[in-house]
Amino acid sequence: MMKKTMPVDGKFELMALPYSDHALEPVVSAGTLGFHHGKHLQAYVNNLNAALPGSGLEGLALEDVVLKAQGGMLNNAGQILNHNLYFSQFRAPVPDNAPTGRLSDAIEAQFGSFEAFKEAFAQAGATLFGSGWVWLSADAQGHLLISQEPNAANPIQRGLCPLLTMDVWEHAYYLDYQNRRPDHLAALWQIIDWDVVAARYEQR
Ligand code: MN
């Protein structure tokens with residue numbers, strides 16, 4: 001089961017990054033990270049906190065707000081959950097970065113090989129029209145699947161456990177890669193913290 005994110009004194013907090021602003025370079029620049037975390041994610045947090053009073057959803061975990069909210073509240077809550085999962089799955093670049101252990105076995109069983117998985121994931125990211133997120137999730141039986149989710153959607157809305165995600169909103173890459181979304185997604189494999197992803201798989 002995913003660890004839930006609770007509000008503190010009725011408000012959700014901007015997650016703290018588990019690395020420095022320059023740690024993900026050259027894959028993600030400090031400038032992109034600063035805007036993405038400090039401006040975009042902060043705005044989603046501020047918007048949700050402003051909308052919570054009187055909504056009937058006060059005091060719920062973020063994950064439960066995503067399951068119960070609608071409209072703008074759902075969009076802001078979904079974006080916070082998505083970005084929390086996204087920013088916490090990275091680390092400094094590693095050459096030949098790859099999963100190990102039971103998650104690696106599950107990826108090979110489901111997709112044939114890690115290379116075939118990366119190819120299918122990248123294809124899903126490149127072909128997602130407009131803004132959204134690409135996900136690797138596990139279902140209740142532990143089977144893995146790749147999905148494209150539009151806008152702020154999260155696989156928990158379909159009963160799945162989210163493991164890994166790539167943000168394909170332009171704000172995630174435009175400063176560094178301009179319109180070259182596939183190049184950005186290809187580079188992200190270097191900074192995936194597979195220990196974090198594997199822990200999500202084990203705790204699902
Ligand atoms: Mn984003």
Side-chain angles (χ1 to χ4, degrees), residues 2 5 11-51 62-63 65-67 69 71-93 118 121-137 146-158 160-193 196-197 200:
M2 281 172 70
T5 306
K11 292 184 183 297
F12 290 102
E13 297 175 322
L14 179 67
M15 67 167 284
L17 293 176
Y19 38 75
S20 75
D21 284 358
H22 293 272
L24 308 183
E25 293 185 331
V27 175
V28 177
S29 69
T32 288
L33 194 58
F35 274 101
H36 200 178
H37 174 263
K39 302 292 185 187
H40 289 277
L41 178 53
Q42 181 72 69
Y44 298 128
V45 171
N46 293 347
N47 291 343
L48 180 61
N49 285 336
L62 179 63
E63 291 76 5
V65 176
V66 169
L67 294 177
M73 279 191 76
L74 172 57
N75 287 335
N76 284 293
Q79 284 293 73
I80 299 169
L81 178 58
N82 293 355
H83 284 94
N84 287 357
L85 290 163
Y86 175 79
F87 285 124
S88 59
Q89 68 180 12
F90 294 134
R91 66 177 176 197
K118 286 201 294 184
F121 197 94
Q123 178 72 10
T127 58
L128 196 167
F129 185 78
S131 296
W133 300 76
V134 185
W135 295 88
L136 174 69
S137 300
I146 294 169
S147 66
Q148 297 172 321
E149 304 289 344
N151 301 316
N154 187 289
I156 68 168
Q157 294 169 287
R158 296 191 282 120
L160 300 169
C161 176
L163 304 176
L164 169 74
T165 190
M166 291 188 185
D167 184 348
V168 302
W169 286 58
E170 283 189 342
H171 68 224
Y173 58 88
Y174 210 84
L175 290 178
D176 297 337
Y177 297 83
Q178 293 77 50
N179 61 328
R180 302 188 307 279
R181 185 199 286 183
D183 292 352
H184 168 68
L185 298 183
L188 285 182
W189 296 115
Q190 300 171 55
I191 60 168
I192 301 299
D193 188 338
V196 170
V197 181
R200 292 173 184 167

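Nothing fancy with the numbering, it's 1 onward along the sequence. Numbering of ligands and ligand atoms starts at 1, following listing order.
Annotation: angle subtended at the Mn ion (ligand 1) by H36 NE2 and D167 OD2 is 90°, to 10°. Atoms NE2 of H171 and NE2 of H83, as seen from the Mn ion (ligand 1), are separated by an angle of 130°, to the nearest 10°.
For the 3.5 Å distance criterion, the side chains of S131 and E170 fail to qualify, holding no donor opposite an acceptor. Judged purely by distance below 3.5 Å, without hydrogens or angles, the side chains of Q42 and N46 pair a donor atom with an acceptor atom.
For residue H40, no N/O/S atom approaches the Mn ion (ligand 1) to within less than 2.8 Å.
The aromatic rings of F90 and Y19 lie tilted to each other, with the angle between the two planes from 30° to 60°.
Taking the six-membered ring for Trp, H171 and H83 have ring centres closer than 6.0 Å.
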